[in-house]
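When a ligand or atom number is given, it counts from 1 through the structure's own listing order.
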Amino acid sequence: MAPINVFARWRPLSQSERGRDEIDRGTHDRSGSFFSVALERRDSVGTRPWTSPAAFRAVFESEHDNYAVFNTVVAPHIPRILRGENCTFFAYGHSGSGKTHTIFGYDFEDSRQLGMCLGAAREIFDKLRYLNEEERGPAMGIGFSLFELRKKSAFDLLNNRTQCHIREGPDGKVHIRGETEILEGGKVRVCPIVQLVCWDFEEFRQQHIQALEQRATGSSSIHSQSSRTHAVLQLEIVSQALVDARHDLYDRQSELVPVGKRATDIRIEEDSKSAIRTPDGQWVPNPEYQRDQGRIDAVEAEMAQFEGRVTAAEQRVHAVFKASSFPCLGAKMVFVDLAGAEYYEGNDTRLSSRNRAPQELQEGRQINSDLLALKEVMRATSQGQKRVPFRSSTLTMVLREHFLNSGKGISTIIVTLSPAAEQFAATLNSLKYASLVGAAST
Ligand SMILES: Nc1ncnc2c1ncn2[C@@H]1O[C@H](COP(=O)(O)OP(=O)(O)OP(=O)(O)O)[C@@H](O)[C@H]1O
């Protein structure tokens, strides 16, 4: 059973909320290792208390800064990454509750305010520097990718927001790819999601800042882009040899594309010439055309040759892993800033469905189903169920690899909460969601 760690984080009242009522709240230590959150709602009827199950590993108060959160939530997992395990961190909450502040941060200079992913990168680079010096093996760095998921597509923030398709490959793995490009001279290039490789923290910090500029952040309006997309940032420990072997693989895959297309075209052409349709709709052999099997065999042989090159390139990628003396090569940390949870069913938030444009309603339904699917996947994996409903949403499909790495992977969700009394319903919904996930794995 792979436990899901669940944390809660209260943000302070924002400038615009100053002076307004705060939610009455408390944290109770239930067992020494799990906490529950108690809320009290005051309305015309009286006070109504609600207490969560003991589902939270820790509850951060509004005075806790990003460094404190990083130290408790992320830092304990750095040794796991160095052992070659994977970790995934999700921030869940309604719009403006502090997800982006927690995952990416807004202040990239103050070391106490770095978001989780910058904090993690800083710590990993520290450890890699030591490993690189001690072991004198090939130097390792961090490759990072950043994309947004919206409806059924991914948008690559390291490649001008290029729209990418999410497909399951014959190997059962999910691949994120841009449109295949046709270059000058008819050459073809398959475009996987971009991975930028950085060799020190400063380089990473600069790239991270630039990448986030592609995101419409800073606004916590319910309409903002960031609240309607899931942002996924993936850190992977890489070496130059791994990067080179993968680029070689993409080149071989690119070469295969036109050959495969030609083979399909020739097969279709030969099939259609060698059959005719009778007046009663039956397909029968065409007496005037002899199917050119030699032509088909020739193109299939050519295709087999190119497929062999792809297989050899895949083997070279595997060989890089095998030859590495570092177990951490290829280990991943993934950070997901989930879309605003105001779309979560049953949530009586500022926008009722009557006030929403049809497109927004449709997006809301998609976000709703993604968040529900994520909850189900987390519950199923934490309970060790055999059937995990990964396919029920794009988000869970994309993250399947990380969940499936059970035993070698761990997931954490931090629910971000607004203390503003006017957002009581949204806050309560977020706590209910997170405590359902947490209670399933205690
Ligand atoms: N723990 C915190 N401490 C101080 N300020 C915070 C904290 N959490 C959030 N804020 C501030 O509150 C505002 C909204 O936070 P943020 O943008 O992270 O919300 P969000 O949940 O990501 O919203 P959206 O879903 O709309 O993107 C930001 O100005 C952010 O700096």
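- In terms of polar-atom proximity, G96 is counted as a contact of ligand 1, with an N or O under 3.5 Å from an N or O of the ligand.
- Around atom 28 (C) of ligand 1, the closest heavy atom drawn from F60, Y92, Y106 belongs to Y106.
- In terms of polar-atom proximity, defined here as any N/O pair under 3.5 Å, D337 makes no such contact with ligand 1.
- Within ligand 1, the atoms closer than 4.0 Å to a non-hydrogen atom of G98 are 8 (N), 9 (C), 15 (O), 16 (P), 18 (O), 19 (O), 20 (P), 21 (O), numbered from 1 in the order shown.
- Using 4.0 Å as the threshold, G93 has no heavy atom nearer than that to any atom of ligand 1.
- Residue H101 holds the heavy atom nearest to atom 11 (C) of ligand 1 of all those in K99, H101, Q113.
- Atom NZ of K151 has more than 12 heavy atoms from other residues, nucleotides or ligands within 6.0 Å.
- Using the six-membered ring where Trp is involved, F60 and H64 have ring planes that are perpendicular, over 60° apart on the 30 and 60° scheme.
- Expressed to the nearest 0.5 Å, how far CG of L395 lies from CG of L372 amounts to 11.5 Å.
- The heavy atom nearest to atom 8 (N) of ligand 1, out of those in R11, H94, H64, R9, is found in R11.
- In this pair, Y106 and H101 present their aromatic rings tilted. The plane angle is within the 30 to 60° band.
- By the 3.5 Å distance cut-off applied to N or O atoms, S97 is counted among the residues near ligand 1.
- At most 12 heavy atoms of other shown residues, nucleotides or ligands fall within 6.0 angstrom of atom OH in Y67.
- Counting non-hydrogen atoms of neighbouring residues, nucleotides and ligands closer than 6.0 angstrom, the CZ atom of R391 reaches no more than 12 such neighbours.
- Partner of R316 under the side chain to side chain donor-acceptor pair (under 3.5 Å) criterion, out of D244, T311, D248: D248 alone.
- Heavy-atom proximity to P12, at under 4.0 Å, picks out these atoms of ligand 1: 1 (N), 2 (C), 3 (N), 4 (C), 7 (C).
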